[in-house]
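Worksheet for the structure shown next.
Just the heavy atoms: all of them, side chains too, but no hydrogens, waters or symmetry mates, feed the values below. This structure is a prediction, so every number in the text was calculated from the model and none was measured.
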Amino acid sequence: MDGFLDETRGGVTELRVHGVSGTPPAGILNHPHPRLVAGDGTTGFYRRWWEGGQPTGDHPDVPGVRHREAYAWGNLTSGGRAVALWLLLLPFSLANLSYFMLPRPARGRRLRRVTEAAQRLFALLLTGTLVGAVTRAAVDLIGWQCTAAGHACDSGAAPGWVRWLATLWGQEPSRRLAVTAMVPLVLVVLLWWLGRRTWRRDESTVPPAPPVPPPVPPAEGTRGGALLARPRLWHGGAPVWRLRVVHVSFSIASIGVAVSAPFAGTPRGLALTLANAAVLLAAAVLVTLPWTARRLDPHSGRQVPARLTYACRALRVAAPLVFLVTIAAALAGLPSGAGGSVLWRLPGVGIGALHYGLTVALGLFLLVAIGALARLDSRDGPGERPALGGLAAWVTLMLAVAAANVLALGLLFWTADFFGDPGSAAGPRAPERTLLLDDMIWWSAALVPLLALGLLAVAGVLLLIRRAEAARLAPGLKAYYGERDDAQVVAGAWALASLTDRAGLVLGVLTWIGVTGSGAVAVVHLLRLSTPEGGIAGLSATAGSWVMVAALSGLVLLGRRTYTDRGLRRTIGILWDVSTFWPRAIHPLAPPCYTERVVPELTARVGRLAAGEDDQVVVSGHSQGSVIAAALVLQLDPGLRGRVGLLTHGSPLRRLYAHYFPAYFGGPGLSAVRDAVSWCNLYRLSDPIGGPVFGRVDPLASAEPGGSSLDAVDRFLWDPKPPGPGEPLPEPQRHSDYWLEPSYEEALDRLVTVKRAA
């Protein structure tokens, strides 16, 4: 190949790791001709190719002396078309996030383990909610109601692909249920295939073996850096497999119950119902066992109990076997018995009374347990103030439930509207075209307008907060931006960026509105104080149903566009860049975790680049890349850390991760990173994502604008820069182009301890 490409490893290497949205290698290197030197097209290490031969000057690549290298990992979250399907898996991803938000005090280990078991069971119920919604839409609304003789799908106006069920088996409900049960089964198979494929493609990476025997692992209750330093965090093949078996088996059995439960009044129907229920119970028990989700450090030689592996394998065989027997019996024809007399309501489908009650009970228990853990955590000593008073894990679980219910109810209302007319069991006797939904479903829809009003109120409060902050900043900024309107413009930009710190307010208010409203309507429903028919309740329920249908339709259209539009995939990938940083700890069907592959790859690469005593690597992480870099530093061999420096910019480590994941990135965790390597962090007050890590430099109180001591980690950058006399105010850079700042090169030079030759 003509030109020049430096592929040597010795000397000083500036290793750049990009942030969200999958910045291309050319943008990371600030060079038009990147070339792959290690890795593949999904994740790879790139260097600059010089068309005119080996260059000269201040910043070229010099073999064996200095290099600039980029690590591109964005294709893991925005490169494949499957990212379009990930939009439907947001509840599962939120459930995983909640696990890592859990307070982990040194005391209260038993309570924490019980809480983790409850979280895993809650995640299993989330799977049941979404699979149950598809089951209810297909098996109940279509197979049980619509295709019954004389009902909506038995007319000429019905689609031909369902009318044949009414024509052929209008009086034989078991056969209709067996056929329509294939729809949720396809969904479960798709979820299983996605989980298995993405694990093998994106996460199945074995961490490099340590050069020396690993130290004694810290206790599980140890906080901060010790948790991030454990290799097992990024080594979850076996537990993810076990959890996937449990969730898939639970889902298949729930479909089997939907087919067999209407005929439980007969001996065969009762036997099949009990068999499917036994699979459900076995899955629920297995998911609560600590060893089911426990990760083990690689190369440690430890193994899970063999009995657990045998139990998972037995469940993997029993669930589809019982389901096949159920479907075969239904296709052969099951007598209706006592259960068949209920036309509008199909037993055993959807959230159900047991499913709903268990979800509520677990939610209340988790609220109390997480609150107790947060209180114990605060007593361990002064540390990072957690978001939402330590209840971020519980709030995130409630958001996961809300997202799952929006998808589930949107599907139910859309199905009922497409095949007939949605109706309530509390209303007058339903006409033939009416497809009836439970009153609780209508009450849930009635909460949507209430949440919309709460969101508007929070938006108004945030606007007032921004104005007050801008008014506070503007007088002090006049000394740097003059008496023009520039100071007010900069104050507004800084105040807008500071609203990120109020994210907890938004989440907390909306969560408590939803929880309080759900509790109120549940009491009204159980005590029969009112019905969602007519009046304000009926109007709210109708409006909410249309909003949910619109939300589901919009999500489907967005997913369709995402599948064909690579640019949109990169934009949607930003959501997953943040949420899939964490491994699939409690929900195996969530979108894949990229760090399971990224951290081991970076660990191995840094080990090769800094192999010699005169070699050094400065890991430069922007935005989410700074979080990856911080996790990487603590995975490195202690003997290697002296040859590694860390340069972060636009970093959300303190602003987001320390607040919401204090057990991992709180004060002890960030201090462990600082103690491990030399570190410099660049930030701007106009940046809505990045910020200081340890202490904000106050530019309005500092004698030297933007100055900071040479031994400090954080360094403030002016943005926009104060203009010269007669010059216009520059556009603020906010979260981008830190690599182009002169301060970036200054910080890089400070971190390089090996003399760089010309």
Side-chain angles (χ1 to χ4, degrees), residues 1-19 21-76 78-79 205 208 566 570 594 597-622 625 628-629 632 636 640 643-647 649 736-742 744-745 747-749 751-758:
M1 179 175 61
D2 295 333
F4 171 75
L5 177 65
D6 176 22
E7 297 187 61
T8 61
R9 298 177 183 174
V12 177
T13 304
E14 176 197 356
L15 179 56
R16 296 183 172 184
V17 183
H18 66 78
S21 78
T23 306
I28 309 171
L29 293 171
N30 192 29
H31 189 76
H33 305 298
R35 291 292 185 273
L36 183 70
V37 295
D40 53 35
T42 304
T43 60
F45 297 88
Y46 294 82
R47 290 192 181 178
R48 297 176 290 185
W49 175 71
W50 303 91
E51 185 177 8
Q54 184 170 350
T56 59
D58 293 335
H59 305 292
D61 298 306
V62 180
V65 179
R66 60 172 179 253
H67 336 275
R68 178 184 295 174
E69 186 167 299
Y71 178 64
W73 53 272
N75 283 334
L76 289 174
S78 59
T205 302
R566 181 174 178 82
R570 283 187 59 190
Y594 56 86
R597 174 170 175 173
V598 166
V599 171
E601 284 186 351
L602 281 170
T603 303
R605 184 64 176 175
V606 171
R608 296 188 187 101
L609 293 174
E613 292 296 331
D614 295 329
D615 300 331
Q616 185 179 5
V617 176
V618 177
V619 183
S620 173
H622 173 248
I628 296 173
L632 161 69
L636 296 175
L640 187 66
R643 301 193 293 275
V644 176
L646 178 60
L647 176 55
H649 34 103
S736 61
D737 293 336
Y738 279 89
W739 282 312
L740 305 181
E741 288 268 5
Y744 178 87
E745 290 296 331
L748 183 63
D749 289 337
L751 291 171
V752 174
T753 57
V754 178
K755 184 176 176 60
R756 295 195 293 180

**OP:** Could you go through the side chain to side chain contact (heavy atoms under 4.5 Å, CB included) check for Thr603 and Leu636 one step at a time?
**Re:** CA-CA 6 Å; Thr603 303; Leu636 296 175; 4.2 Å; yes

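- His18 and His622 have their aromatic ring centers separated by at least 6.0 angstrom.
- Val17 is listed as a side-chain neighbour of Trp73, based on a closest heavy-atom distance under 4.5 Å.
- In this structure, CG on Leu748 lies 6.5 Å from CG on Leu647, to the nearest 0.5 angstrom.
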Original post:
Given the rule in the side chain to side chain contact (heavy atoms under 4.5 Å, CB included) test, do Val618 and Val752 qualify, once you have shown the distances and angles that lead to the verdict?
Top reply: CA-CA 7 Å; Val618 177; Val752 174; 4.2 Å; yes

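- Without hydrogens or angle criteria, Asp615 side chain to Gly11 main chain gives a donor-acceptor distance under 3.5 Å.
- Not counting sequence neighbours, Arg9 has no partner by the salt bridge (Lys or Arg N to Asp or Glu O under 4.0 Å) test.
- Residues meeting the side-chain hydrogen bond (donor to acceptor under 3.5 Å, both in side chains) test with Thr8, sequence neighbours left out: Asp6.
- In terms of heavy-atom proximity, Leu640 sits nearest to Val644 at O-CG2, 3.6 Å.
- A donor and an acceptor atom, one from each side chain of Tyr744 and Ser620, are located under 3.5 Å apart.
- Val617 is not listed as a side-chain neighbour of Arg605, based on a closest heavy-atom distance of 4.5 Å or more.
- Rounding to the nearest 0.5 Å places NE2 of His33 at 5.0 Å from CD of Glu51.
- For the residue pair Pro25 and Ala72, the shortest heavy atom distance occurs at CG-CB, 4.2 Å.
- Considering CG of Leu632 and CG of Leu646, their distance stands at 8.5 Å, rounded to 0.5 Å.
- Using modelled atom types, one side-chain atom of His67 and one backbone atom of Gly10 make a donor-acceptor pair closer than 3.5 Å.
- A cation-pi arrangement is not found for Arg35 relative to Tyr46, the charged atom failing to lie both closer than 6.0 Å to the ring centre and inside a 45° cone about the ring normal.
- For the atom pair CD (Glu601) and CD1 (Ile628), the distance works out to 11.0 Å, reported to the nearest 0.5 Å.
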**OP:** Decide side chain to side chain contact (heavy atoms under 4.5 Å, CB included) for Asp737 and Glu741; before the verdict, give the C-alpha distance in whole Å, the side-chain angles of both, and the deciding distance to 0.1 Å.
**Re:** CA-CA 7 Å; Asp737 293 336; Glu741 288 268 5; over 6 Å; no

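- Looking at Arg16, its side chain does come within 3.5 Å of a backbone N or O of Ile28 through a donor-acceptor pair.
- Atoms CZ and CZ, from Phe45 and Arg47 in turn, are 10.5 Å apart once rounded to the nearest 0.5 Å.
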Original post:
After noting the C-alpha distance and the side-chain angles of Asp40 and Arg597, does the key distance pass the salt bridge (Lys or Arg N to Asp or Glu O under 4.0 Å) rule?
Top reply: CA-CA 12 Å; Asp40 53 35; Arg597 174 170 175 173; 2.9 Å; yes

**OP:** Show your working on side chain to side chain contact (heavy atoms under 4.5 Å, CB included) between Leu29 and Trp739 and close with a plain yes or no.
**Re:** CA-CA 9 Å; Leu29 293 171; Trp739 282 312; over 6 Å; no

**OP:** Applying salt bridge (Lys or Arg N to Asp or Glu O under 4.0 Å), run through Arg643 and Glu613 and close with a yes or a no.
**Re:** CA-CA 8 Å; Arg643 301 193 293 275; Glu613 292 296 331; 3.6 Å; yes

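- Residues Gln616 and Thr753 have side chains that bring a donor and an acceptor to within less than 3.5 angstrom of each other.
- Taken from CG in Asp61 to CG in Leu5, the straight-line distance is 8.0 Å, to the nearest 0.5 Å.
- Residue Leu36 comes nearest to Gly39 through the heavy atom pair CD2-O, 3.8 Å, listed as atom of the first residue, atom of the second, then distance.
- In this structure Pro55 satisfies the side chain to side chain contact (heavy atoms under 4.5 Å, CB included) test together with Phe4, Trp50, Pro60, sequence neighbours excluded.
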